[in-house]
Amino acid sequence: MPKLSRVIPGKLKLFAVLGYPLKHSLSPVMHEAGFERLKLFSHRYLALELNPNSFKKFINSKKSLLLDGFNLTIPHKQTVIAYLDKITPEAKMIGAVNVVFRRGKRWVGDNTDAYGFIKSLRMEVNWRSKGKTALIFGAGGAARACVQALCKDRIRQIIILNRTFSKAHELTIFFRKNFPKIKFQALPLKAGKTRQLLKDADLVVNTTSLGLKKSDAAVLEIKDFLQPRAIKGKGIAVDLIYNPSVTPFLRNARRAGWKAVNGAGMLLYQGAKSFELWTGKKAPVKEMKKALQSALKDLT
Ligand code: ATR
């Protein structure tokens, strides 16, 4: 009969992701693999599914004090800000917090999505933003993180296309103020109107939720990607969605010869950075990636 381990792990340290819905969250698997690799046996990571009402109750109750740090996902990334002692300039600019850690008795909110986005591009396609043009579809929280990351990486031009034009417009006004050297343009999202823009784009990013459902239309068609290009070589298409691993948008891009990158890398690197903020140790990215990839395979 197997014996229970006799190793006493020390004081339990609890971490969690708070979101709603959370059915298929991959964060627990990824962080547990990291803890295991670094022999942090007293560290555990949970998925806490909390609707907006339960979230407020939880965060106001003593239960939240049991946590040593946490991640936030939809729909709590903005709501949480009111409950924190401090947020980093990064999170302030993006207007969203995806990770909370303790500094003494204070709760600090940060945003590692922007880091995750640019790091994944760097690692997967050796991306450098300097002198480049990016088209961003969507103008929500995820788009803000991508725009901020590209601005900090010194991109030349960003064009934002959104169904609700006013949101794209507001976003460009805000970032123009913070990054006056970068060219910004806001446009309404209309089928067939983007073809010309793709000629001059080095990078095209889908930050909308289009592609999550099987019935969703593609954000761009193959003929959009097949435009004779004004700039040398093929561009890079990124979808922040990682399940399905290939959305219609990425499939079309790939068929037209573009390099396609999904959101798994961004998930990995935002998680790795959260891990480092909590533990003060270098995240074992290789093991975390392996765990993530195997969990992703199980989802499909
Ligand atoms: P996130 O934090 O993931 O960015 P969000 O802030 O709710 O989520 O933003 C969702 C984005 O996806 C928005 O840009 C939204 O467009 P609107 O501003 O017009 O709402 C976009 N989006 C969602 N569903 C869409 C659809 N069916 N077609 C086009 N854009 C869509």
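In listed order, ligands and their atoms are each counted from 1.
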Tell me if a side-chain donor or acceptor on Asp85 pairs with a main-chain N or O of Trp107 at a distance below 3.5 Å. yes
If the plane angle is over 60° it's perpendicular, under 30° parallel, otherwise tilted; pick one for Phe165 and His169. parallel
Before giving the answer on salt bridge (charged side-chain N to carboxylate O under 4.0 Å, His left out), spell out for Asp113 and Lys77 the whole-Å C-alpha distance, their side-chain angles and the decisive distance to 0.1 Å. CA-CA 11 Å; Asp113 285 333; Lys77 286 187 181 185; 2.8 Å; yes
Option from Asn162, Ile159, Leu210, Thr194 for which side-chain contact (heavy atoms from CB on, under 4.5 Å) with Phe137 holds: Thr194
Distance under 4.0 Å, heavy atoms only, partner ligand 1: which residues pass? Gly138, Ala139, Gly140, Gly141, Ala142, Asn162, Arg163, Thr164, Lys167, Thr208, Ser209, Leu210
Here's a test for you: under salt bridge (Lys or Arg N to Asp or Glu O under 4.0 Å), which of Lys130, Arg122, Lys119 qualifies with Asp153? Arg122
Can you list every pair that meets ring pair (Phe, Tyr, Trp, His ring centres under 6.0 Å) and has a residue in residues 233-266, with sequence neighbours left out? Phe225-Phe249, Phe225-Trp258
